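Computed from a predicted structure; not experimentally measured.
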Amino acid sequence: MLLRKRLAHLPTALAASGIMLVLAGIVGAIAAGMTGALGAAFGVVLTTATYVASSFIIAWVDDRRRDLLLVAGLTTYVLKLIVLVAILITFAGWSGIVPMALGIVAEVFAWTCSQAWWTWHAKILYVDDPVDGPPVGGRPSS
């Protein structure tokens, strides 16, 4: 149940990713034919997969060992970049590499915007911890 709350942004982000997949495929096909469509789509799918994986890892660490959250977040970020760069290097000679790189960039933008939109519209409750007392300079609520 707790992981579900931590991953509540995924439906919105995955919907944005689906839209970006279609758009990237269309733009890739117009710009560079079937190879461009495949490259752009592969870039979007690859980036989405890394975001989903890191979301699950970070949610799991947040649930189990909150003290390791920063380490887990930074580690998943570095591993994600290593994977993306390694795949770009592996496919360096392929004619669909530029559409793939542009698909990666487009998906990063789509995912980031969808998470920002979700965060802006989410009903996230905030409650002061009664053990800590009132906020500095504030009064206790009645």
Side-chain angles (χ1 to χ4, degrees), residues 1-138 140-141:
M1 176 65 177
L2 211 45
L3 284 180
R4 178 178 288 159
K5 287 174 78 174
R6 289 171 177 25
L7 298 171
H9 68 282
L10 280 182
T12 303
L14 290 172
S17 297
I19 292 167
M20 184 52 64
L21 178 63
V22 172
L23 291 175
I26 291 169
V27 171
I30 291 169
M34 185 54 95
T35 303
L38 289 173
F42 183 62
V44 170
V45 168
L46 179 65
T47 308
T48 302
T50 63
Y51 274 126
V52 169
S54 64
S55 293
F56 273 97
I57 291 168
I58 291 168
W60 185 83
V61 170
D62 189 30
D63 188 44
R64 302 287 194 271
R65 292 281 312 264
R66 184 167 252 181
D67 58 316
L68 296 176
L69 192 56
L70 179 62
V71 174
L74 292 174
T75 301
T76 58
Y77 180 73
V78 169
L79 289 174
K80 189 179 345 186
L81 286 177
I82 289 171
V83 166
L84 290 175
V85 169
I87 289 175
L88 285 172
I89 291 170
T90 302
F91 287 97
W94 181 43
S95 62
I97 190 74
V98 172
M100 184 170 83
L102 293 174
I104 290 170
V105 170
E107 176 55 13
V108 167
F109 180 75
W111 188 280
T112 303
C113 288
S114 70
Q115 269 198 306
W117 185 91
W118 180 87
T119 303
W120 182 263
H121 291 89
K123 296 191 184 322
I124 301 171
L125 300 177
Y126 175 79
V127 179
D128 284 331
D129 188 359
V131 174
D132 293 337
V136 175
S141 58

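In this structure, CG in L84 is found 5.0 Å from CD1 in I104, a value given to the nearest 0.5 Å. Annotation: the span from L74 atom CG to L79 atom CG amounts to 11.0 Å, rounded to 0.5 Å. A distance of 12.0 Å separates OH in Y77 from CD1 in I58, rounded to the nearest 0.5 Å. Atom OG of residue S95 and atom CE of residue M34 lie 12.5 Å apart, to the nearest 0.5 angstrom. With values rounded to the nearest 0.5 angstrom, I57 atom CD1 is found 12.0 Å from L69 atom CG. We find the CD-CE distance between E107 and M20 to be 6.5 Å, quoted to the nearest 0.5 Å.
A37 and G25 make their closest contact through CB-O, 3.4 Å (heavy atoms, listed as atom of the first residue, atom of the second, distance). In this structure, L7 and S55 approach most closely via the heavy-atom pair CD2-O, 3.4 Å. Heavy-atom minimum distance, M100 versus L88: CE-CD2, 3.4 Å. Nearest heavy-atom pair, P99 versus G36, reported as atom, atom and distance to 0.1 Å: CB-O, 3.4 Å. The minimum heavy-atom distance linking A40 with G28 is given by the pair CB-CA, 4.4 Å. Between D63 and L3, the closest heavy-atom pair is CB-CD2, 4.2 Å.
Ring-plane geometry between W111 and Y51 is classed as parallel, the angle between the planes falling under 30 degrees on a 0 to 90 degree scale with a further cut at 60.
You'll find the side chain of V71 stays beyond 4.5 Å of the side chain of V61, heavy atoms only. F42 places none of its side-chain heavy atoms less than 4.5 Å from the side chain of L38.
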If you apply the rule side-chain contact (heavy atoms from CB on, under 4.5 Å), what do you find for L14 with V52, and how did you get there?
CA-CA 9 Å; L14 290 172; V52 169; 3.8 Å; yes
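For W60, the CH2 atom sits in a loose shell: 12 or fewer heavy atoms of surrounding residues, nucleotides or ligands are nearer than 6.0 Å.
A side-chain donor-acceptor contact under 3.5 Å links T50 to the backbone of T47.
Considering R65, R64, R66 as possible partners of D62, the one that fulfils the side chain to side chain donor-acceptor pair (under 3.5 Å) test is R66.
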